[in-house]
Number of protein chains: 2
Amino acid sequence: MQFLLEVVDILTNYIRKTFDRSTKVLDFHHPHQLLEGIEGFNLELSDQPESLEQILVDCRDTLKYGVRTGHPRFFNQLSSGLDIIGLAGEWLTSTANTNMFTYEIAPVFVLMEQLTLKKMREIVGWPGGEGDGIFSPGGAISNMYSVMVARYKYYPEVKTKGMSAAPRLILFTSEHSHYSIKKAGAALGFGVENVILLKCDERGRVIPADLEAKIIDAKQKGYVPLFVNATAGSTVYGAFDPINEIADLCEKYNMWLHVDGAWGGGLLMSRKHRHKLSGIERANSVTWNPHKMMGVPLQCSAILVREKGLLQGCNQMCAGYLFQPDKQYDVTYDTGDKAIQCGRHVDIFKFWLMWKAKGTSGFEQHINKCLELSEYLYTKIKNREGYEMVAPKIKAMMMESGTTMVGYQPQGDKVNFFRMVVSNPAATKSDIDFLIEEIERLGQDL
Amino acid sequence: MQFLLEVVDILTNYIRKTFDRSTKVLDFHHPHQLLEGIEGFNLELSDQPESLEQILVDCRDTLKYGVRTGHPRFFNQLSSGLDIIGLAGEWLTSTANTNMFTYEIAPVFVLMEQLTLKKMREIVGWPGGEGDGIFSPGGAISNMYSVMVARYKYYPEVKTKGMSAAPRLILFTSEHSHYSIKKAGAALGFGVENVILLKCDERGRVIPADLEAKIIDAKQKGYVPLFVNATAGSTVYGAFDPINEIADLCEKYNMWLHVDGAWGGGLLMSRKHRHKLSGIERANSVTWNPHKMMGVPLQCSAILVREKGLLQGCNQMCAGYLFQPDKQYDVTYDTGDKAIQCGRHVDIFKFWLMWKAKGTSGFEQHINKCLELSEYLYTKIKNREGYEMVAPKIKAMMMESGTTMVGYQPQGDKVNFFRMVVSNPAATKSDIDFLIEEIERLGQDL
């Protein structure tokens with residue numbers, strides 16, 4: 001126990017320094033440098049045990065050479081920040097060290113998940129919060145669930161007979177959508193060429209007329225349009241597809257509508273900004289990652305399904321050793337047979353605890369603040385262009401200097417540009433100012 | 001930070017009590033009781049924030065009504081125990097709060113994963129530890145990877161064209177194997193009826209002659225036998241399939257051999273017991289969950305693949321915003337495009353840290369101790385039979401009294417019986433004695 005408290009001491013020092021802007025975001029080293037062992041930090045495993053003193057040193061070194069994702073000037077990923085309540089929740093979760101598959105083994109967490117999913121469905125706008133859902137290991141898996149459930153709804157026989165029991169099924173998603181829809185298409189046996197990419201307008205939103213044209217084209221070829229993914233908050237532009245217009249087409253052509261709100265779902269918590277997802281209540285399923293814009297520690301992603309029973313029907317295998325029907329409690333609370341996993345990590349508690357501590361209103365304030373900061377950034381830089389050509393070089397210098405971190409990439413016919421993510425609760429206007437100045441400072445040396 | 005330290009205080013008290021045998025394993029309540037709110041424990045979420053004092057009370061209540069999976073008398077699941085080094089590792093992981101997809105964002109953890117996977121492959125017996133692998137969210141997903149990779153190896157065109165590009169593909173697994181092979185068959189588009197169950201002998205091991213007969217039968221029908229799963233440590237009996245004989249058939253019929261060592265993989269660490277997995281070095285892929293017999297906190301599961309490049313080939317979608325080819329470091333260290341996930345939780349650190357602290361030899365001792373305890377249990381009860389008919393009733397009374405916890409289920413033509421799991425590092429012979437006495441004591445009242 002003394003050892004554990006010494007680790008806590010290391011961790012609390014780390015956290016204090018993370019929130020201190022004079023600390024570097026990272027202390028960059030190349031893979032070969034770390035593998036060679038910097039200042040005695042030896043990553044290799046050996047036959048004999050190390051002393052507890054050495055283990056403490058290993059913990060310090062692990063943090064020293066890592067990236068401070070909670071630093072106010074870390075803007076590199078959609079998930080960032082370090083919420084202390086959420087962190088405490090995660091420490092409790094790992095201490096409880098249990099598994100979500102049955103009520104038997106996780107009574108409190110299973111109920112928390114159920115209540116929280118219901119609350120999320122209410123916020124989506126489904127009457128009475130009815131429906132189903134599960135927390136999954138990330139948005140890509142949540143999106144995969146949506147495709148599985150859609151297929152099960154329209155072609156349940158695929159579960160027993162395989163894809164050959166169905167006609168050629170087509171999935172639609174925007175050219176700016178997350179690559180997980182394509183991954184799901186590959187994994188689940190649809191094939192990537194049956195995932196049709198839709199054109200976007202200049203702001204990165206799907207053009208509904210293009211969707212309808214492609215639906216008609218697929219039908220003319222004898223294929224069956226099954227599923228449309230509308231993105232609410234695209235990965236690069238943060239664009240919101242027009243859900244209502246897409247929902248109209250899904251109704252017209254009898255297709256499943258999924259909304260990937262992994263990034264943008266958080267806006268549903270804000271009365272001011274939730275109109276961007278207007279129409280989401282018409283979706284058949286929704287992905288929503290509290291670990292992104294809502295600042296919950298990794299991992300925390302929900303798949304919500306409007307129709308009850310599909311998740312269970314799609315995935316259940318009725319394993320006798322886990323899901324005994326003759327248990328002494330109400331076994332409808334057991335969640336394991338809804339999942340593609342068997343064991344499932346407890347992702348709910350940190351989120352539930354943060355919700356308790358902030359209230360719905362606290363999440364609303366956080367979301368509003370993120371959108372204000374991005375508006376501030378937009379206003380500041382809209383008249384300053386010209387450095388996009390050298391983004392990779394600036395990024396490399398930024399990582400070496402360790403002062404701030406932001407991602408870059410090309411998109412379509414645009415060459416490399418910086419992708420600014422505002423979700424870090426610790427970030428203020430001064431950090432936005434710092435980022436702009438730092439990019440310009442580093443760019444001057446080129 | 002004061003708040004965080006108060007939570008640590010709650011957690012350390014909880015841990016002390018967990019290791020005290022006079023503490024109940026659980027304080028059982030039915031779902032409706034917890035939902036109604038026992039002694040003011042309110043699970044509902046609300047608009048307004050709660051005070052930090054109330055949050056601390058919530059944390060205490062969450063632990064109070066949960067199950068102590070680390071208790072020396074908890075034998076209910078394949079994962080049990082509470083390793084303090086592993087726990088410290090998990091606390092550090094959640095403090096670092098990062099993501100495994102790129103070296104950029106998790107340099108140290110990505111390298112630890114790479115080195116640990118290599119070590120595991122060496123222990124499996126692949127020359128030089130060559131090959132590939134990834135940590136995944138549990139054994140079911142690891143097994144799913146094995147099926148995906150096998151399909152990609154033999155029918156790479158399925159990735160682009162879907163399952164219709166392949167003939168009817170057959171997967172084989174034992175009737176005692178984990179249900180995740182069937183789940184994978186359903187999810188990936190093979191269909192459950194193309195997952196053929198193999199007969200087992202009286203000790204729960206696959207009968208190779210039955211496998212060969214079923215391969216021949218499938219071929220005669222014009223189907224293509226693709227994949228055999230051999231279980232190393234079955235979920236209920238702990239049986240080990242004869243890997244060498246199965247490997248002979250896989251070679252003869254040109255099939256992929258997967259070994260599901262989710263439970264039994266830990267035996268590879270023991271020079272005394274690893275012969276039970278003899279032939280595993282001939283497998284094309286292996287699932288091995290350190291979070292089971294090796295006592296690593298949940299979740300920690302590895303899929304190992306003998307041939308390099310298949311995981312990446314199978315899953316990569318080359319997302320421009322994450323996997324920029326023009327980064328300043330060696331991007332072959334980025335792992336994200338091997339995964340079906342995008343974001344991926346850091347599961348490696350707690351395992352790496354435990355390995356550092358115990359050494360390979362420490363894991364060996366732990367495994368040897370688990371097998372000694374189960375041998376002890378077997379010797380003690382082999383002459384005491386007769387209570388299997390009432391297992392559910394005894395289990396219900398056991399949960400109400402909260403003194404110990406063990407699972408039960410039927411299997412094949414056997415009615416309900418207790419499934420004893422010995423993986424808890426805190427358990428001793430006296431706890432085994434206690435369990436037997438407790439089952440008999442509870443049974444007397446029936």
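Per chain, numbering begins at 1; letters A, B, ... match sequence-line order.
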>> At a heavy-atom distance under 4.5 Å, which candidate from B:Thr62, B:Leu82, B:Ile84, B:Ile340 has the highest pair count against chain A?
In response: B:Thr62
> How far does CG of A:Asn97 sit from OG of B:Ser80, to the nearest 0.5 angstrom?
Replying inline: 9.0 Å
> Between A:Ile10 and chain B, which part of the residue has a heavy atom less than 4.5 Å away: side chain, backbone, both or neither?
Replying inline: neither
>> Among B:Ser361, B:Gly362, B:Gly138, B:Gly86, which residue has the highest count of heavy-atom pairs closer than 4.5 Å to chain A?
In response: B:Ser361
>> Between A:Glu104 and chain B, with a heavy-atom cut-off of 4.5 Å, which part of the residue counts as in contact: side chain, backbone, both or neither?
In response: both
>> Taking side-chain hydrogen bond (donor to acceptor under 3.5 Å, both in side chains) as the criterion, tell me which of B:Lys183, B:His178, B:Lys182 meets it with B:Ser180.
In response: B:His178
> For A:Ser136, is it the side chain, the backbone, both or neither that has a heavy atom under 4.5 Å from a heavy atom of chain B?
Replying inline: neither
> Which answer fits A:Asn99, side chain, backbone, both or neither, if we ask what part of it has an atom under 4.5 Å from a heavy atom of chain B?
Replying inline: both
>> For B:Lys159, run the side chain to side chain contact (heavy atoms under 4.5 Å, CB included) check against B:Gln316, B:Arg151, B:Met148 and tell me which one passes.
In response: B:Gln316
>> Check whether A:Asp330 reaches the backbone of A:Thr332 with its side chain - one donor and one acceptor, N or O, closer than 3.5 Å.
In response: yes
>> Once salt bridge (charged side-chain N to carboxylate O under 4.0 Å, His left out) is applied, do any residues pair with B:Lys356, and if so which ones, sequence neighbours excluded?
In response: A:Glu50
>> Please identify, among B:Gly343, B:Ser164, B:Ser46, the residue contributing the most non-hydrogen atom pairs under 4.5 Å to chain A.
In response: B:Ser46
>> Taking side chain as everything from C-beta outward and backbone as N, CA, C, O, which of these in A:Glu157 sits under 4.5 Å from a heavy atom of chain B? Side chain, backbone, both or neither.
In response: neither
>> If you count heavy-atom pairs within less than 4.5 Å of chain B, which of A:Met163, A:Met317, A:Gln341 leads?
In response: A:Met317
> With only heavy atoms counted, which part of B:Phe3 is less than 4.5 Å from chain A, the side chain, the backbone, both or neither?
Replying inline: side chain
> Do other residues, nucleotides or ligands put more than 12 heavy atoms under 6.0 Å from B:Lys119 NZ?
Replying inline: yes
>> Tell me which of these, A:Leu5, A:Leu26, A:Leu34, A:Val7, has more heavy-atom pairs under 4.5 Å with chain B than the rest.
In response: A:Leu34
>> Using the rule given for side chain to side chain contact (heavy atoms under 4.5 Å, CB included), can you reason through B:Trp91 versus A:Leu4, listing the C-alpha separation, both sets of side-chain angles and the distance that settles it, and then say yes or no?
In response: CA-CA 9 Å; B:Trp91 288 9; A:Leu4 194 57; 3.9 Å; yes
> Of the backbone (N, CA, C, O) and the side chain (C-beta and beyond), which part of B:Leu169 lies under 4.5 Å from a heavy atom of chain A, both, or neither?
Replying inline: neither
>> Can you tell me which of B:Glu90, B:Glu6, B:Gln48 forms the most heavy-atom pairs within a distance under 4.5 Å of chain A?
In response: B:Gln48
>> If we ignore hydrogens and angles and just use 3.5 Å, is the side chain of B:Arg68 paired with the main-chain N or O of B:Leu63 as donor and acceptor?
In response: no
>> With a 4.5 angstrom heavy-atom cut-off, is it the side chain or the backbone of A:Tyr329 that approaches chain B, or both, or neither?
In response: both
> Okay, side chain of A:Ser94, backbone of B:Pro297: is any donor-acceptor separation there less than 3.5 Å?
Replying inline: no
> Relative to chain B, which segment of A:Tyr179 carries a heavy atom at a distance below 4.5 Å: side chain, backbone, both, or neither?
Replying inline: both
> Hey, is B:Glu193 close enough to B:Arg168 for a salt bridge, meaning N to O under 4.0 Å?
Replying inline: yes
>> Could you go through A:Phe101 and A:Asp337, starting from their C-alpha distance and side-chain angles, then the distance that decides it, and tell me whether this counts as side chain to side chain contact (heavy atoms under 4.5 Å, CB included)?
In response: CA-CA 8 Å; A:Phe101 41 48; A:Asp337 240 2; over 6 Å; no
> Quick one: CG on A:Leu87 to CG on A:Leu92, what's the gap to the nearest 0.5 Å?
Replying inline: 11.5 Å
> Salt bridge check: are B:Lys350 and B:Asp83 linked by an N-O gap of less than 4.0 Å?
Replying inline: no
> What option among A:Glu400, A:Arg16, A:Gln114 has the most heavy-atom pairs under 4.5 Å with chain B?
Replying inline: A:Arg16
> Do side-chain atoms of A:Thr98 reach the backbone of A:Ile105 as a donor and acceptor pair under 3.5 angstrom?
Replying inline: yes
> What option among A:Phe28, A:Phe74, A:Tyr14, A:Phe41 has the most heavy-atom pairs under 4.5 Å with chain B?
Replying inline: A:Phe28
>> Is A:Tyr103 close to chain B through its backbone or its side chain, or both, or neither, when contacts mean heavy atoms under 4.5 Å?
In response: side chain
> Any side-chain donor paired with an acceptor under 3.5 Å for A:Trp355 and A:Thr116?
Replying inline: no
> Picking from B:His30, B:Glu364, B:Met144, B:Gln54, which has the most non-hydrogen pairs under 4.5 angstrom with chain A?
Replying inline: B:His30
>> Quick check for you: among A:Val158, A:Asp326, A:Val8, A:Asn194, which has the greatest number of heavy-atom pairs under 4.5 Å with chain B?
In response: A:Asp326
> By a 4.5 Å heavy-atom criterion (distance strictly below it), what part of B:Asn76 contacts chain A: side chain, backbone, both, or neither?
Replying inline: side chain
> Does the side chain to side chain contact (heavy atoms under 4.5 Å, CB included) test come out yes or no for B:Val108 and A:Leu43, once each step is laid out?
Replying inline: CA-CA 9 Å; B:Val108 180; A:Leu43 291 168; 4.2 Å; yes
>> Which one wins on heavy-atom pair count under 4.5 Å against chain B: A:Ile85, A:Leu78, A:Leu52?
In response: A:Ile85
>> What part of A:Asn42 gets within 4.5 angstrom of chain B, counting heavy atoms only: side chain, backbone, both, or neither?
In response: both
>> Does any backbone or side-chain atom of A:Tyr408 lie under 4.5 Å from a heavy atom of chain B? Answer side chain, backbone, both or neither.
In response: both
>> Heavy-atom cut-off 4.5 Å, strictly under: side chain, backbone, both or neither for B:Lys327 against chain A?
In response: both
> At a heavy-atom separation under 4.5 Å, does B:Thr102 approach chain A through its side chain, its backbone, both, or neither?
Replying inline: neither
> With respect to chain A, which residue among B:Leu35, B:Ile141, B:Asn143, B:Thr160 yields the maximal number of heavy-atom pairs within a distance under 4.5 Å?
Replying inline: B:Thr160
